[in-house]
Amino acid sequence: MNRKKDKGFESPRPFKLTHQVVCINNVNFQRKSVIGFVELTIFPTVVNLNRIKLNSKQCRIYRVRVNELEAPFIYNDPTLEVCHNESKQRNLNYFSSAYAAAVSAVDPDAGHGELIIKVPSELWKQGDDLKVLKVYIEFSLDQPKGGLHFVVPDVEGSMAERGAHVFSFGYQNSTRFWFPCVDSYSELCTWKLEFTVDASMVAVSCGDLVETIYTHDMRKKTFHYVLPIPTAAPNISLSVGPFEILVDPYMHEVTHFCLPQLLPLLKHTMSYLHEIFEFYEEILTCRYPYSCFKTVFVDEAYVEVSSYASMSIFSTNLLHSAMIIDQTPQTRRCLAQALAQQFFGCFISRMTWADEWVLKGISGYIYGLYLKKTFGVNEYRHWIKEELDTIVDYELKMGGVLLHPIFSGVKEKDNPTPHLHFSVKHPHTLSWEYYKMFQCKAHLVMRLIENRISMEFMLQVFNKLLSLASTASSQKYQSHMWSQMLVSTHAFLKSISNVSGKDIGPVIKQWVDQSAVVKFFGSFAFNRKRNVLELEIRQDYTSSGTQKYVGPIKVTVQELDGSFNHTLQIEENSLKHDIPCHSKSRRNKKKKIPLMNGEEVDMDLSAMDADSPLLWIRIDPDMSILRKVEFEQADFMWQYQLRYERDVVAQEESISALEKFPTPASRLALTDILEQEQCFYKVRMQACFCLSRIANSMVSTWQGPPAMKSLFTRMFCCKSCPNIVKTNNFINFQSYFLQKTMPVAMALLRDVQNLCPKDVLNFILDLIKYNDNRKNKFSDNYYRADLIEALTNSLTPAISINNEVRTVDNLNADVRLILEEITRYLNMEKLLPSFRNTITVRYKTNCALFSNYFHNRLIRQLFSRLIKYLFSP
Amino acid sequence: ALSAGQKRTHPAHIPGHFPEFPDPHTYIKTPTFREPVSDYQVVREKAATQRRDVERALTRFMAKTGETQSLFKDDITAFPLIAARPSTIPYLSALLPSELELQTLEETDSSEQDDQTDNENTTGNIINDDPGADKENSMLPPSGGVPSTKSSEDNVIDNPYLRPVKKPKVRRKK
């Protein structure tokens, strides 16, 4: 392993940037252009510095001066023409390698750049005393395709009245798209930022706003920002617009900005932010590093959240009023993510791209702690399972995700990820999907490290990183302390070992230095004579995206006498593990059964195998391996696990497993869970869909009314008239989510003719008909959208042989009713739009189903028009 | 002829040859009206039908008087959809609650919603303490609580974005 053992950071550049001025004199919304200059203060670290390489893309550069002397420059962006008219090799492989080469050629982490400035020879000789150089560059940007995004609505009025605004955006280090800079996360400097904008607009940027001054004609004003904390150029951002300003009522140094008319929503959405601040400051025992914080909500944002030094830019769609239920937790999650990245990502930056996983891992991990505290342990474990399933599915399908790629640097051929069609050497050559999975894996691995060293030590490490960085940030450049603000894999691991005294080498080797996940197959037999559970755990480590696991694994066995944890060693050639059982199979004694959490419950044990004391078995219950487990146990064991295991992950696993056992006993277990109000609502929602699938498999033997119908009636309909749903009252969110989900799942029921039962369809139509939200404190837009989804779910795609086109005449009556409702809903939404046009959006997402049903091109055309309507202009 | 009760005699100013007053029962009135429908089912039914009729009438009217799109080629009047017109600032209508909703919010804020709360509290000391869901309940409402101290402190807040914009320094003319 050639991980850098040296402590300090070695800059790839022959100079060090200490300070940069960015001045944008003019922002023209009409032409979508900006004009300005930058001035970089640099210290040469070599004698005779004759060339300076900087990053710049799509900017037009007018002049460059070094210390007041005109300097010649060359500008070349190789990514503009990747393949150079190559006509022979028109394939993806060729493009991919050519593109990677082009990106490398201007990679700031290797000291390269698109803009090469020749230092005037008069200044060379001064090299002996390494004098300061000031590089002044005038530039303009016209109709940028990246970096800055202009939103200019096509209506009457001045730019401010039209709500025109502009904001910076970009994936990874993309600041070079809007001003010349050293576009690297490892080149820190202090900043002075000046933006002259129309007097009716506000320019929000990084750092402290020191003053705002009118220009001489009083028609414009200049915003002066100073950012004294050393910051990398990719963490600099800007947004300009006629924003409404809200000073946070709890924290006066925090300011929120939104587009005109949205202030009431902003007030509501932001009323919660201070709690997230308090949470992070408390767990990290560290103040928020910047002296101020700004949030800006913009339209047409590419991503919901992006964090920059002391400010975050959000999508305006995250704003919501107090009436909206579903969006509220989602928005709070986004705020929490943004704030976590302020500490790790913005304040603490990284040395190289290979260290990215540490930052993403830590910010994702502390965001997880926030989720656990705010939304509860169930939600947290559910989220971890969801993330684990996502990454496992991705890696098994697409091949491994490598967190810490090490490049020997010499040969291009030493590709650590040969299965991928792109290079992982640069952030800009990755696929977006891969990067998302990368972030997901990074925070899961942090959790694995936490399992190994405990949360207290974890937080101590973070605190150490932060306090080192904040000491460094207040130093002058000359003290060479700034590199303490950069995190590296090596320093992070060293800090862990110093703080905890534990060796986490195996964890790092397995999950960080190596890609892929583990795939287990488990089965068992009970040996009655020896009273021993014979467990067999096999691994598949030959398929793509898998690796071999050797080490400890936890197995939890629920027996009649209690729940027992066993730690097994997975070794090279041992598949079988004997686990001694504690209890004899003596079920005649009427005794309560102790569970893992100390609870004792009565169970009906009649479904059990008479000879075995085993109720259920779980492999790796704490998700401490990045794995997929396919475990075989009898249907009654899954049912016991669903009913009595208190862990939501176990419940969800058993629900997925029960789909393969369509029996009356499974049906009963699922129905019981649905009715169980103490059960986590997301488990109950999942149970709805499983129940409808089981009902479909059992269609010929199904007894009684359609699945869930009587349950829904009991829970949500009037006692005196069971066909009428109660007027909406969504004050209890658990039952709200269940009320929303059940009709959607019910509509998936099919009878023997593979049609949705008439009962169910009428039931859903009645729900729509009697839906009454007048007394409700909350909006019912998501509920109505789900009812529309239920209607579309109730259609069975037609199997058409001769591709006949459906016409009005040959529609059957049910379909007419459905269409009637949907048309009315869509029309109503155009007259009285719902929050985020939920209903139209849902209809659109169901369009595939619809057009399958109708074989109708026209419908597809309609959707494209709807999309234009929703996402115009 | 049948007569009931004592007929009123003429007052002094009415000449005697005028006809007699009618029988007293002529003046008796028994106000009658239809019993208001109080059956819950009927009320709900009525409200639902009424709303649906209004919505249908309104959307049909809008569809007939404006541009429409249709689902079927053969009969374009069958399920008329009001034509989707791109709006220039789409986020406004999509995010801001309509006046109707705001009105509802005000009404329901004052009147407690308690008809369904009784079945929420059916506690059994069984299963899964569910901190997740409980927390979620407690975190949402009440809406945007701006602390009451805010208005009084408003003048004290020192936020750079609230400071007045400075006048440019006058440069000395050369």
Side-chain angles (χ1 to χ4, degrees), chain A residues 153-155 163 209 211-214 216 221 245 247 249 252 255 261 265 267-268 271 299 316 319 321-323 328 375-379 646 676 678-681 720-721 724 729 731-734 769-770 777 807-808 819 823-824 826-828 830 832-833 836-837 862 865-866 868-869 872-873, chain B residues 40-41 44 47-48 52 55-56 59 62-63 69 71-75 78-79 81-82 84-95 97-98 100-101 104-105 108 113 116 120 126-128 130-133 135-137 139-140 143-147 150 157 159-162 165-168:
Chain A
D154 187 16
V155 279
L209 176 66
E211 56 185 357
T212 319
I213 304 176
Y214 279 113
H216 288 281
K221 48 190 183 183
I245 300 170
V247 177
H252 294 169
T255 321
Q261 300 181 50
L265 302 183
K267 272 186 185 152
H268 174 75
S271 61
D299 191 26
T316 196
L319 295 172
S321 71
M323 279 183 299
T328 308
F375 299 98
V377 175
N378 285 345
E379 179 71 46
R646 298 303 185 235
Q676 191 62 259
Q678 285 83 358
C679 180
F680 184 49
Y681 74 101
S720 58
C721 35
I724 297 180
N729 181 356
I731 201 88
N732 179 341
F733 295 140
Q734 287 99 308
K769 179 176 169 192
Y770 294 115
K777 186 175 166 179
T807 55
V808 178
L819 274 180
T823 328
R824 192 165 56 85
L826 286 175
N827 282 339
M828 279 310 289
K830 285 191 199 109
L832 287 173
R836 295 183 68 175
N837 292 314
L862 263 181
R865 270 182 235 164
L866 274 173
K868 274 185 210 140
Y869 162 71
S872 56
Chain B
Y40 185 73
Q41 185 169 355
R44 288 291 302 275
R52 172 178 304 217
E55 285 184 8
R56 186 176 299 163
T59 51
M62 295 302 285
Q69 288 150 352
L71 291 172
F72 295 94
K73 272 180 186 160
D74 56 332
D75 184 357
F79 297 100
L81 279 173
I82 299 173
R85 236 175 298 121
S87 66
T88 40
I89 305 184
Y91 58 83
L92 284 182
S93 67
L95 294 178
S98 65
L100 192 74
E101 281 179 305
T104 327
L105 189 66
T108 49
Q113 289 200 339
Q116 282 176 14
E120 279 158 32
I126 349 167
I127 288 225
N128 243 354
D130 193 346
K135 291 239 171 100
E136 203 167 328
N137 263 359
M139 71 174 198
L140 288 178
S143 63
V146 176
K150 200 221 163 188
I157 295 177
N159 183 290
Y161 294 94
L162 302 181
V165 181
K166 290 182 188 166
K167 295 269 157 60

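What you see is a predicted model; the values in this text were computed from it and never measured. Letters A, B, ... are given to chains in the order of the sequence lines, protein chains preceding strands, and every chain is numbered from 1.
For the salt bridge (charged side-chain N to carboxylate O under 4.0 Å, His left out) test, residues two or more places apart in sequence or in another chain that qualify with A:K769 are B:E45. Partners of B:A94 according to the side-chain contact (heavy atoms from CB on, under 4.5 Å) rule, which considers only residues two or more places apart in sequence or in another chain, are A:N837.
In this structure, chain B has a heavy atom under 4.5 Å from the side chain of A:I245, while its backbone stays farther away. Both the backbone and the side chain of A:L209 come within contact range of chain B, with heavy atoms under 4.5 Å apart. Both the backbone and the side chain of A:T316 come within contact range of chain B, with heavy atoms under 4.5 Å apart. The part of B:Y40 that comes within reach of chain A is its side chain, from C-beta onward, which places non-hydrogen atoms under 4.5 angstrom from that chain.
The shortest heavy-atom contact between A:T212 and A:K221 is CG2-CD, 4.0 Å. When every heavy atom of B:Q41 is checked against every heavy atom of A:I724, the shortest pair comes out as CG-CD1, 3.7 Å.
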